[in-house]
Amino acid sequence: MYKLLSIFILIAILFLILNHCRKRKIICRVRCMSLAEKCSLLNELAEPFGFCYDYRQDLFSTRTDAWQKDFGYGKLYDLAAPSMNMVLDTEPVYFNYQKKTWLIQFWKGQYGITAGAEMGIYHADTVIPPVLRGQTIFQAAEENEMLPMRIRLVHDCRRQLFCLSHIHWWLTGFLVGRCIPPSEMTAEYTITFPDMDMCGSFLTSLTELGYGWDEIELDGTTLHFIFSAPKSSESLLSPEWRQRFVLWKDRLLCRIYLRFTCPFSTTADRLLYLYYYLPFAFRRTICPRKFKKQKRIWKKYNSDRRSCR
């Protein structure tokens with residue numbers, strides 16, 4: 001028994017020594033890389049997940065050719081958010097334009113160990129009655145339908161977290177390793193529409209939700225509005241107790257992530273260290289389960305539609 005215990009202790013000590021050497025080697029490898037090499041590798045790794053890395057603001061955003069575009073958007077995606085460690089404020093704005101129902105949706109909140117905000121442009125092939133909008137999967141805007149968009153995310157109305165501008169169908173900004181309750185975030189969104197008809201239709205729907213002129217600014221066909229607390233009924237995704245529990249889990253996971261990657265301070269360094277040391281943890285961090293579940297919901301939605309026919 002004593003010999004077995006001695007062998008076990010020896011093996012454990014050897015494992016710890018080898019693991020420490022491996023960690024030091026990976027740390028040196030990451031530190032020896034230039035900024036250009038880090039960004040290039042991180043973008044290469046993030047591309048299959050539909051993301052790109054912005055080193056200037058140390059965040060991830062979505063690519064215009066992201067695979068998520070093929071799956072559009074439906075209310076079902078957001079209903080599944082709490083089960084994927086996500087607590088979000090969301091504001092869907094439906095409006096009719098050119099004989100189609102359009103949806104421009106806004107999100108801000110906590111995505112696992114990532115804090116961020118999103119805005120997406122979607123539409124149906126025809127006009128959808130209000131009672132059916134929640135059951136509809138809207139397709140993403142095509143390349144010629146993408147609009148100039150801007151997101152500015154602020155924490156506690158004081159500190160700017162990021163500011164992104166792009167012609168896009170789904171503009172996003174995600175800060176890895178940050179845990180901020182949605183109620184402490186204020187998102188400022190700006191959209192430039194192609195004409196006054198589309199702008200006016202969107203503005204009408206926005207004001208019908210309850211947004212006042214103290215929250216909206218209009219300059220020609222460019223509309224700017226402030227999103228602090230959601231006003232639509234569709235924003236109620238889960239009970240308050242469940243949101244508090246999910247935020248507690250996210251905060252714990254965030255601390256573990258920061259502690260594990262403590263030799264580094266930037267997201268690029270932390271994630272590359274994670275990629276070399278624990279590849280499966282890197283994949284989970286770079287692609288939240290939200291986007292994986294879209295595929296399953298989309299497949300179920302299509303199968304249900306075929307069965308109804």
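Side chains included, hydrogens not; waters and symmetry mates left out as well; all remaining heavy atoms used. In this chain, numbering begins with 1 at the start of the sequence shown.
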[X]: which residues meet the ring-ring contact (aromatic ring centres under 6.0 Å, His included) condition with it, sequence neighbours left out?
| X | value |
| --- | --- |
| Tyr211 | Phe225 |
| Phe264 | Tyr273 |
| Tyr276 | none |
| Tyr275 | Phe282 |

Which residues pass the salt bridge (Lys or Arg N to Asp or Glu O under 4.0 Å) test with [X], sequence neighbours left out?
| X | answer |
| --- | --- |
| Arg56 | Asp54 |
| Glu217 | none |
| Glu240 | Arg244 |
| Arg251 | none |

- Salt bridge flag under 4.0 Å for residues Lys100 and Asp125: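 Judged by the 4.0 Å cut-off on N to carboxylate O distance, Lys100 and Asp125 do not form a salt bridge.
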- Between Glu91 and Lys108, is there a salt bridge with N-O shorter than 4.0 Å? no
- Task: Give a yes or no on whether Arg29 atom CZ has more than 12 heavy-atom contacts from other residues, nucleotides or ligands under 6.0 Å away.
- Result: no
- Should we say atom CG of Asp219 is surrounded by more than 12 heavy atoms from elsewhere, each under 6.0 Å from it?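 No, because the 6.0 Å sphere around CG of Asp219 holds 12 heavy atoms or fewer from other groups.
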- Do Phe51 and Trp67 make the cut of ring centroids closer than 6.0 angstrom? no
- Message: So that I know where these two stand, are Phe138 and Tyr94 an aromatic pair - ring centroids less than 6.0 Å apart?
- Response: yes
For residues [X] and [Y], is any side-chain donor paired with an opposing acceptor at under 3.5 Å?
| X | Y | result |
| --- | --- | --- |
| His155 | Gln160 | no |
| Asp58 | Thr266 | no |
| Asp78 | Gln105 | yes |
| Asn43 | Tyr55 | no |
| Thr172 | Thr62 | yes |

Transitive ILVMFWY side-chain link [X] to [Y], under 4.5 Å:
| X | Y | result |
| --- | --- | --- |
| Ile121 | Leu88 | no |
| Val30 | Tyr257 | yes |
| Ile113 | Phe280 | yes |
| Met86 | Leu253 | yes |
| Tyr97 | Leu209 | yes |

Nearest heavy-atom pair of [X] and [Y]: which atoms, and what distance?
| X | Y | value |
| --- | --- | --- |
| Phe162 | Gly116 | CE2-CA, 4.4 Å |
| Gly177 | Leu258 | O-CD1, 3.7 Å |
| Thr207 | Ile216 | CG2-CD1, 4.0 Å |
| Arg150 | Ser165 | CG-OG, 3.3 Å |
| Leu147 | Pro194 | CD2-CD, 3.6 Å |
| Thr90 | Ser232 | O-OG, 4.2 Å |

Which class fits the ring pair [X] and [Y]: parallel under 30°, tilted 30 to 60°, perpendicular over 60°?
| X | Y | value |
| --- | --- | --- |
| Phe193 | Phe95 | perpendicular |
| Phe106 | Tyr189 | tilted |
| Tyr122 | Trp169 | perpendicular |

Taking [Y]'s backbone N and O only, do any of them form a donor-acceptor pair with [X]'s side chain (distance below 3.5 Å, no angle check)?
| X | Y | result |
| --- | --- | --- |
| Gln139 | Tyr73 | no |
| Arg270 | Thr261 | yes |
| Glu47 | Glu44 | no |
| Thr190 | Met149 | no |
| Gln135 | Leu132 | no |
| Gln57 | Leu59 | no |
| Gln110 | Ile180 | yes |
| Glu184 | Pro181 | no |
| Ser201 | Asp197 | no |

What distance do [X] atom [atom1] and [Y] atom [atom2] have between them, rounded to the nearest 0.5 Å?
| X | Y | atom1 | atom2 | result |
| --- | --- | --- | --- | --- |
| Tyr111 | Leu175 | OH | CG | 11.0 Å |
| Phe174 | Ser61 | CZ | OG | 7.5 Å |
| Leu103 | Thr136 | CG | OG1 | 10.0 Å |
| Leu164 | Met119 | CG | CE | 11.0 Å |
| Leu274 | Thr267 | CG | OG1 | 11.5 Å |
| Met185 | Asp156 | CE | CG | 10.0 Å |

- Query: Can you check ring-ring contact (aromatic ring centres under 6.0 Å, His included) on Phe260 and Tyr277, steps first, answer last?
  - Reply: CA-CA 10 Å; Phe260 186 80; Tyr277 192 70; 5.3 Å; yes
Flag the pair [X] / [Y] as yes when at least one side-chain heavy-atom distance between them is below 4.5 Å, and no otherwise.
| X | Y | result |
| --- | --- | --- |
| Leu218 | Cys199 | yes |
| Leu272 | Met33 | yes |
| Phe227 | Thr186 | no |
| Thr101 | Arg133 | yes |

Remaining members of [X]'s ILVMFWY cluster at a side-chain heavy-atom cut-off under 4.5 Å?
| X | value |
| --- | --- |
| Met196 | none |
| Trp248 | Phe245, Leu252, Ile256 |
| Val87 | Val246, Leu247 |

- Trace of the side-chain contact (heavy atoms from CB on, under 4.5 Å) decision for Leu161 with Arg178: CA-CA 10 Å; Leu161 297 174; Arg178 300 294 298 273; 3.6 Å; yes
- Return the set of residues passing side chain to side chain contact (heavy atoms under 4.5 Å, CB included) with Thr126 (not counting sequence neighbours), or none when no residue passes. Ile128
